[in-house]
Amino acid sequence: MLLSSTEQTLLVITSALIAHLVFNRWEPTNVPILTVLLIGIPCALTQAAFIDIGPIWRVVCTFALYHASLATSVLIYRLSPWHPLARYPGPRLLKTSKIWMIRLARRGGQWRYIRALHDVYGPVVRIGPNELSFCDASLVVPILGTQGLPKGSDWMGRAMHPQTPSLIALRDPVEHQRRRRTWNRAFRPAAVQEYLPLIRKRTAQLLDILAKCEDQDGVDLAKWIRYFKYDFMGDLVFGGGTEMMRDGDVDARLQQQRAGVAMMVVFAHMPWVAQLAKNLPAVSRKVTELRAMGRNRAADRCKAGSQGKDLFYYLANEDGSEKEAPSEDVVLSDGLLAIVAGSDTTSTVLTSAIYCLLTYPETYERLVEEVDNFYPPDEDWCSTKHHADMHYLTAVLNETLRLFPILRDGSLRAPWVGHGDCTVGPHFIPEGTQVRLHTYALHRDPRYFSRPDSFWPERWLVAAGAGGDAPAGFAHEPGAFIPFSRGPSDCAGKALALQDMRIVLCALLQRLAFAPPRGAPFDEWKAEMDGRFANSAAVFTVSVRVRRRD
Ligand code: HEM
């Protein structure tokens, strides 16, 4: 029976509406289902629709009508009062599609935009069709804490190797907790102390290199700290394998890492695009190459055997704490995660701390005074025994992390589709909604921190009662300070990161003096901190002098 042209049109539109219902209900991400919904159905419809025109135009018209109907239906629904997030305020454009956020994320500065949205719309803003951003310290525990929400779908998009996700991409809380036990063992205080010989060796190498730059016009400190951290993480995870401080980035590994992270920015917003893209040869080749490199380094590490308790020792269960040894793929995924999570993060914060110190010379002088007090020239800069008493050092690091947190937009959480809706504080969260606590907005909210945009390390001393009287109206809310996130999925390497940053700052300031280079302000690093931040090749030029004390 032949359909009339109106019936043919209605058939295509109805099929598109049914596809929308399927997307809405099950949010499919796997490639075969997406292929059926986006290509298979319109292909099948060409047998019944637009049959009066030639075969090529029939395909073009059917696909165009099907996809236009699907897009229109999605758009109307997202803006309609029936959408489960309709009650939440936010710009209309952001409610329609993720594209706007992706554009912003790629350009950089997304965090500033979301903070500005919070200024306009209040502590909760709808920033995507199914996404809410919160800026409310009272929700840190309900969202991120033990009884909080599981990880959101952004980590699924970021996962390089979804078949064997690394710890950070594990969304199942039970599986995550099981795998996290290993990391907790690897970063407990006693274990972190055992990594001291590795940090000592690499910090001494960094000091030597910088001391040799004394007579140069300027030295790119960001580059050397990046190389230093990458070499150190290689030592820690795979027992060595890179010598960037000696040879430079000859294999372009940092460039490779940067390209991967840039790709993840898009994939984090559209996990289903990630599933499709990871099947493309150009993308999958890069992942395969990276894993092959990791596999070789892991094999070398296994051949060389354990030279001490490094991170691999724990990840590969060489300590025998887990009844079941992890597969080679799991060790590899987690080993590569450690390199990425541990290198650019700490190096960026260290460089930013020195940037802030040099921008505010009085803070630099005060920190040098404290370092000289605890670490005079004959004191071992690698000893951690004074760290707990170095309150100004802690204040400088806290203040850098407050102003320039690495994960500025926070980390997504979401009640899973099929597991029911939930509430956080007074807010109703429909299942599947992506929720973020916006770190940058929280850290710079005047309700929580006075003079929120100023680099003012003294605030931490004032708050602890060790920095004189608090100024009138002084606001300081430690509960709103979440640079390492919070709860069962917070940063696994926090203890190591803090210990390393303290050691390196004490070593650098004990042995060397830094100053802005003649006539050249730190424009590039400043742009870096305002723009993309972390995982870039931005230059930070300083002049270096060896401190000689008779
Ligand atoms: C200043 C340096 C660092 C900062 C600011 C930082 C921050 C963060 C943040 C915000 C998260 C996300 C947590 C969440 O999803 O709620 C995270 C996760 C993680 N970080 Fe760090 N990090 C730093 C250094 C390190 C280092 C040195 C390591 C060591 C390998 C590390 C390993 C990890 C791991 C394994 C995770 C995933 C934790 C999980 O899912 O359970 N990080 N980090």
Side-chain angles (χ1 to χ4, degrees), residues 111 140-141 143-146 148-156 158-159 165-187 191-192 195 198-199 225 228-230 232-238 268 310-312 314-315 330 333-353 396-398 400-414 434-440 442-443 481-505 533-535:
W111 49 82
V140 168
V141 173
I143 292 177
L144 299 176
T146 325
L149 307 179
K151 290 189 185 224
S153 58
D154 60 333
W155 292 117
M156 201 173 81
R158 285 178 217 234
S166 66
L167 178 80
I168 205 160
L170 275 177
R171 295 183 69 201
D172 177 355
V174 177
E175 178 59 5
H176 177 271
Q177 192 186 22
R178 191 185 67 75
R179 285 259 293 276
R180 176 74 190 235
R181 282 201 307 255
T182 304
W183 288 81
N184 289 346
R185 269 199 305 280
F187 290 119
V192 171
Y195 306 146
L198 298 178
I199 187 86
I225 293 183
F228 151 75
K229 205 58 210 178
Y230 199 88
F232 168 67
M233 286 312 295
D235 293 350
L236 182 70
V237 181
F238 293 123
D310 52 16
L311 187 54
F312 196 90
Y314 294 100
L315 293 183
V330 167
S333 289
D334 279 356
L336 291 173
L337 164 67
I339 303 259
V340 177
S343 53
D344 254 333
T345 47
T346 321
S347 60
T348 304
V349 176
L350 266 173
T351 309
S352 303
V396 165
L397 285 174
N398 279 353
T400 308
L401 285 162
R402 185 187 68 79
L403 280 175
F404 307 108
I406 291 288
L407 220 57
R408 294 183 178 184
D409 290 308
S411 169
L412 281 179
R413 300 290 188 266
Q434 306 294 314
V435 171
R436 63 173 81 236
L437 262 168
H438 201 261
T439 312
Y440 186 78
L442 270 175
H443 285 191
F481 180 58
I482 52 166
F484 293 100
S485 190
R486 202 60 73 76
S489 300
D490 69 348
C491 175
K494 175 181 171 185
L496 176 75
L498 286 173
Q499 175 177 282
D500 288 359
M501 290 192 294
R502 288 186 168 113
I503 290 175
V504 175
L505 275 178
F533 204 54
N535 275 296

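Just follow the structure's listing: the first ligand is 1, and inside any ligand the first atom is 1.
A 4.5 Å side-chain heavy-atom check between Tyr230 and Asp344 finds every atom pair outside the cut-off. Put simply, the side chain of Met233 does not reach to within 4.5 Å of the side chain of Thr346, judged on heavy atoms. Here the side chains of Val504 and Ile225 are not in contact, with every heavy-atom distance at 4.5 Å or above. Side-chain contact check for Leu167 versus Thr182: every heavy-atom pair is 4.5 Å or farther apart. No side-chain heavy atom of Lys151 sits less than 4.5 Å from a side-chain heavy atom of Leu170. In this structure the side chain of Leu397 reaches within 4.5 angstrom of the side chain of Leu505, judged on heavy atoms. Counting only heavy atoms from C-beta outward, the side chains of Asp334 and Trp183 approach each other to under 4.5 Å. Residues His443 and Pro405 have side chains in contact (heavy-atom distance under 4.5 Å, counting atoms from C-beta outward).
Remark: ligand 1 atoms within the under-4.0 Å shell around heavy atoms of Arg180 are 38 (C), 39 (C), 41 (O).
Only side-chain heavy atoms of Leu337 come within less than 4.0 Å of ligand 1; its backbone N, CA, C and O stay farther off. Contacts between Met233 and ligand 1 below 4.0 angstrom, taking non-hydrogen atoms only, involve the side chain exclusively. Under 4.0 angstrom from ligand 1, the non-hydrogen atoms of Lys151 all belong to its side chain. The proximity of Pro483 to ligand 1, defined as any non-hydrogen pair under 4.0 Å, is limited to the backbone. Proximity of Arg171 to ligand 1, defined as any heavy-atom pair under 4.0 Å, is not found for any part of the residue. Both the backbone and the side chain of Ile168 come within 4.0 Å of ligand 1, judged by heavy-atom distances.
If you check which protein heavy atom lies closest to atom 12 (C) of ligand 1, you get Leu407 CD2, 3.8 Å. The nearest heavy-atom contact from the protein to atom 25 (C) of ligand 1 is Ala341 O, 3.4 Å. Closest to atom 16 (O) of ligand 1, if we only count protein heavy atoms, is Ser485 OG, 2.5 Å. Among protein heavy atoms, the minimum distance from atom 38 (C) of ligand 1 is reached at Asp490 O, 3.4 Å. Of all protein heavy atoms, the one lying nearest to atom 15 (O) of ligand 1 is Ser411 OG, 2.7 Å. The nearest protein atom to atom 13 (C) of ligand 1, hydrogens excluded, is given as Ser489 O, 3.1 Å; this is a heavy-atom distance. Nearest protein heavy-atom neighbour of atom 26 (C) of ligand 1: Gly342 CA, 3.5 Å.
Taking distance alone, with nitrogen or oxygen atoms compared against 3.5 Å, Thr346 stays at or beyond that limit from ligand 1. Among the atoms of Trp183, none of the N or O lies under 3.5 angstrom from an N or O of ligand 1. Looking at ligand 1, you won't find any N or O of Thr345 less than 3.5 Å from one of its N or O atoms. For ligand 1, the polar-atom distance check against Arg413 finds a nitrogen or oxygen pair separated by under 3.5 Å.
No donor-acceptor distance shorter than 3.5 angstrom exists from the side chain of Arg408 to the backbone of Thr439, with no hydrogens or angles considered.
The option with the heavy atom closest to atom 9 (C) of ligand 1, from among Gly493, Gly335, Cys491, Gly148, is Cys491. For atom 5 (C) of ligand 1, the candidate residues are Phe404, Phe232, Phe484; the nearest heavy-atom contact is made by Phe484. With distances taken over non-hydrogen atoms, the option nearest atom 1 (C) of ligand 1 out of Thr400, Leu397, Val349 is Val349. For atom 30 (C) of ligand 1, the choice among Ala338, Ala497, Ala186 with the nearest heavy atom turns out to be Ala338.
Using bins of under 30°, 30° to 60° and over 60° for the plane-to-plane angle, the ring pair Phe228/Phe232 lands in the parallel bin. Using bins of under 30°, 30° to 60° and over 60° for the plane-to-plane angle, the ring pair Phe187/Tyr195 lands in the perpendicular bin.
By the neighbour-count criterion of 12 heavy atoms within 6.0 Å, atom CD of Gln177 is sparsely surrounded, having that number or fewer from other residues, nucleotides or ligands.
In this structure, His176 is part of the shell of residues with a heavy atom less than 4.0 angstrom from ligand 1.
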Show your reasoning for whether side chain to side chain contact (heavy atoms under 4.5 Å, CB included) applies to Val349 and Leu401.
-> CA-CA 7 Å; Val349 176; Leu401 285 162; 3.8 Å; yes

With side chain to side chain contact (heavy atoms under 4.5 Å, CB included) as the test, would you mind laying out the steps for Leu144 and Ser485 before giving the verdict?
-> CA-CA 8 Å; Leu144 299 176; Ser485 190; 3.8 Å; yes

